[in-house]
Amino acid sequence: MNELRKRLKEVNRIFGTPTYVYKGGRIREKARTLRDAIPYFPTKVLYAMKANSNPEILKILKEEGVGVDAVSPGEVALGLRHDFFVLFTGNNVTDDEMDFVAEKGVMINIDSLSALERFGSRHCGKDVSIRINPDVGAGHHSHCITGGPESKFGIWHSQLDEALEIAKRNCLRIKGIHQHIGSQILETDKFLLAMDVLLKEAHRFPDLEFVNFGGGLGVPYNPEDRKLPVKRLGRMMSDKFLKFSHNYGKPVTMMIEPGRYLIADSGWLLVTVNTVKRNPDGRVFAGVDSGFNHLLRPAMYGSYHPIENVSNPKGKKEEVDIVGNICESGDRFAQERKISRVREGDVLAIGMAGAYGFSMSSHYNLRAKPAEVLMEKNYFSLIRKRESIYDVI
Ligand code: LLP
């Protein structure tokens, strides 16, 4: 931790704050851990780039052999620019978007019967994948549960006769089936249950080249969170899939598409305390030069992120509300958090910020986006320039 603290302080000295900092070595390590955890061959890992689409991060993951899960034409274009294998899993996709990905030669993973019909009428004879809602969902917040009756995603698992019929009528070959049940899942049971549903249906599709079980692999944000047993999950998934592909009669690729697992714990948002307010009732507010426009997760989901005062790590602990500069009361990174005494000018490192941090940032209140820095063993590099307000206005 001492070494890391030193390096984060160095980033602050060179680049200032607010700045996202990523540790390249950790991203590589996570990609390798995941690969080693899954004995089934062939397995393809698609990185869900919505978690963090900085091109330098993509380059690291490309070197680790992953493809990408893209959810918009923008993500498709960026994935192709960096020579990735891309699967496009859109939701409520327009005709123009369908045509765009088809022209680029990217396979579309279709999310509804109506979109399947529409795609078939425009691109008869193409290969497609379909997303299935297996009626199993999980995740850290209701906003992040993407399977089950309340979810807008996927073709309901009992409507697959219709899907097969639409595909046949339009000469579409269903080469893949897919599900993604939710995000930040820390137990294996829901993954395995959903997997059973999908594999039961898989036999009805004669042209399968892959079955994609989505992302959702969780990571501990809070020291009290449990850790997803990735090795055990990988082994159990492989066992199930091996049995399936034996019965299916030809080799099928197993796919997964994690975002957070690969990148969350390699990132920090560095911010500087500019205002300490000590109220008569004892409440302390540490106001920083950032806000939910840079890291939305605490405000949007009530998510916990570890926070360390890197300028005063040995200071006496006190309870503090760490708040941003956005004009809303929900603009809070942490409430009544025990942290080493904060002083104006101190730099705080908000941890576990590699995934869904910068990628969910906005210009709300006409504030500029932060810089991004990649930290490698022997050097730092600026991988996105800090915006100025003139970029925004
Ligand atoms: N595949 C699909 C189709 C997805 O929609 C997602 C995430 C993933 C894969 C990757 O999920 P992951 O492995 O990262 O859990 N903003 C929220 C997370 C939203 C996830 C949306 N879809 C958060 O900050 O917690």
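Heavy-atom basis, side chains included; hydrogens, waters and symmetry copies ignored. Throughout, residue positions are numbered sequentially from 1 according to the sequence presented. Order of appearance sets the numbers: ligands from 1, and atoms from 1 within every ligand.
- The closest approach between any non-hydrogen atom of Gly214 and ligand 1 is not below 4.0 Å.
- Heavy-atom proximity to Glu257, at under 4.0 Å, picks out these atoms of ligand 1: 1 (N), 2 (C), 3 (C), 8 (C), 9 (C), 10 (C).
- Each of the atoms 3 (C) of ligand 1 lies under 4.0 Å from some heavy atom of Arg131.
- Between Gly259 and ligand 1, a contact under 3.5 Å exists for at least one N or O pair.
- Looking only at atom types and distance, the side chain of Glu328 has a donor-acceptor partner in the side chain of Tyr364 under 3.5 Å away.
- Salt bridge absent: Glu319 and Arg283 never bring a charged side-chain N and a carboxylate O closer than 4.0 Å.
- Residue-ligand proximity: Cys144 is placed with a non-hydrogen atom under 4.0 Å from ligand 1.
- Both the sub-6.0 Å distance and the 45° axial angle are not jointly satisfied by Lys50 relative to the ring of Tyr356.
- Of the polar atoms of Gly216, at least one N or O is found under 3.5 Å from an N or O of ligand 1, judged by distance alone.
- The Gly215 neighbourhood of ligand 1 comprises atoms 9 (C), 13 (O), with distances under 4.0 Å to a heavy atom of that residue.
- The shortest N or O to N or O distance between His178 and ligand 1 is not under 3.5 Å.
- Looking at Ile256 and Met237, their side chains come closer than 4.5 Å, going by heavy atoms from C-beta outward.
- Of the candidates Tyr221, Phe213, Tyr356, Tyr261, it is Tyr356 that places a heavy atom closest to atom 14 (O) of ligand 1.
- Within the 3.5 Å criterion, the main-chain N or O of Asp265 finds no donor-acceptor partner in the side chain of Arg260.
- Within the 3.5 Å criterion, the main-chain N or O of Ile27 finds no donor-acceptor partner in the side chain of Ser266.
- Within the listing of ligand 1, atoms 8 (C), 9 (C), 10 (C) sit less than 4.0 angstrom from a heavy atom of Ala48.
- Taking 4.0 Å as the cut-off between side-chain N and carboxylate O, Arg173 and Asp207 do not count as a salt-bridged pair.
- Using a 4.0 Å cut-off between charged side-chain N and carboxylate O, Glu117 and Arg169 make a salt bridge.
- Atoms of ligand 1 lying under 4.0 Å from any heavy atom of Asp69, numbered from 1 in the order shown and given with element: 1 (N), 2 (C), 9 (C).
- Without hydrogens or angle criteria, Asn133 side chain to Asp135 main chain gives a donor-acceptor distance under 3.5 Å.
- By the 3.5 Å distance cut-off applied to N or O atoms, Tyr301 is counted among the residues near ligand 1.
- Residue nearest to atom 2 (C) of ligand 1, selected from His141, Met360, His140, His180: His180 (by heavy-atom distance).
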